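These numbers were taken from a predicted model, which means no experiment stands behind them.
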Amino acid sequence: QLFPKAAIVFCGINGYDPKMIENRENVTGVAELLDAEGTLALALQLHPGTRKVVVVHDYTITGLATKRETEEQLKPFAGRVNIVYLADMTTTELTENLRQLPADSLVLALSYSLDKEGQVINHEKISHLLSHASPVPVYGLHEERLGFGIVGGQFLGGKLQGTRAAELAARILGGEPASRIP
């Protein structure tokens with residue numbers, strides 16, 4: 001309402017679908033697309049005896065969007081490994097579940113910043129919590145978790161997304177219509 005003709009450049013949207021901006025003028029951006037499939041393929045190469053993959057996510061809008069995206073990407077692994085998405089639980093319940101994992105398991109950490117009790121957990125803290133509680137390797141999808149116990153993954157980073165969004169904004173400020181930029 002304030003700036004009806006202003007261009008919009010978005011970034012960091014989980015679960016992006018082109019229909020979100022369908023019939024909207026002057027909108028473009030950088031979708032946040034996780035690579036759960038590539039991460040699990042890499043993890044299974046490194047740990048060929050894996051039979052179970054436990055996926056950890058929270059139940060926020062972002063956590064559920066990353067879960068849906070991951071479920072779709074991991075369909076090719078059905079029958080090869082048992083993929084389990086953990087229920088909404090407290091941090092204590094989460095750590096207890098992880099401690100009981102058998103040796104032929106892996107953990108895949110998605111977005112997680114809020115537990116069942118509403119406790120806010122930053123990237124560093126949840127990464128430490130997962131890696132210390134889990135007797136098996138923990139893989140992630142976000143670069144800001146590396147260095148805090150996550151062993152690896154095909155990482156997505158906010159800095160690169162922000163840089164790309166700024167590049168799009170510069171093109172728009174240079175006169176290119178946002179609606180012409182994929």
Flag, side chain of Gln73 to backbone of Ala36, donor-acceptor distance under 3.5 Å =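 The answer is yes, because a donor-acceptor pair under 3.5 Å joins these two groups.
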So, taking the atom named [atom1] in [X] and the one named [atom2] in [Y], what distance separates them when rounded to the nearest 0.5 Å?
X      : Y      : atom1 : atom2 : answer
Asp35  : Leu42  : CG    : CG    : 9.5 Å
Tyr59  : Lys116 : OH    : NZ    : 10.0 Å
Lys67  : Asp58  : NZ    : CG    : 12.0 Å
Asp104 : Lys52  : CG    : NZ    : 8.5 Å
Leu106 : Arg51  : CG    : CZ    : 11.0 Å
Thr70  : Ile83  : OG1   : CD1   : 9.5 Å

Residues Leu110, Val56; criterion side-chain contact (heavy atoms from CB on, under 4.5 Å); working and verdict = CA-CA 6 Å; Leu110 305 182; Val56 176; over 6 Å; no
Beyond-backbone contact of [X] with [Y], side-chain heavy atoms, under 4.5 angstrom:
X      : Y      : result
Gln119 : Lys125 : yes
Phe10  : Leu168 : no
Leu108 : Thr39  : yes

Determine, using ring centers only, whether His57 and Tyr112 are less than 6.0 Å apart.
->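 Ring centroids of Tyr112 and His57 are no less than 6.0 Å from each other.
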For Leu160, does the CG atom sit with more than 12 other heavy atoms under 6.0 Å from it, leaving out its own atoms?
->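 Atom CG in Leu160 is crowded, with more than 12 foreign heavy atoms closer than 6.0 Å.
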Evaluate the criterion side-chain contact (heavy atoms from CB on, under 4.5 Å) for residue pair Leu86 and Val54; output intermediate values, then yes/no.
-> CA-CA 7 Å; Leu86 292 183; Val54 174; 3.5 Å; yes
For Ala178 and Ala7, work out which heavy atoms get closest and say how close.
->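 Looking at all heavy atoms of both residues, the shortest contact is CB-CB, 4.1 Å.
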Flag the pair Glu72 and Arg68 as a salt bridge only when some basic side-chain nitrogen lies within less than 4.0 angstrom of an acidic carboxylate oxygen.
->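 No.
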Sequence neighbours excluded, which residues qualify as side chain to side chain donor-acceptor pair (under 3.5 Å) partners of Glu96?
->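 Glu96: side chain to side chain donor-acceptor pair (under 3.5 Å) contacts with Arg99.
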Just jot down the side chain to side chain donor-acceptor pair (under 3.5 Å) partners of Tyr139, sequence neighbours excluded, or say none.
->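 Partners of Tyr139 by the side chain to side chain donor-acceptor pair (under 3.5 Å) criterion, ordered by chain and then number, come out as His47.
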Are Asp115 and Thr90 close enough that a side-chain donor and a side-chain acceptor fall under 3.5 Å?
->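 Side chains of Asp115 and Thr90: no pair found under 3.5 Å.
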Under 4.5 Å between side-chain heavy atoms, hopping through other hydrophobics if needed: is there a path connecting Leu94 to Phe148?
->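 They do not share one cluster, since no chain of ILVMFWY contacts under 4.5 Å joins Leu94 to Phe148.
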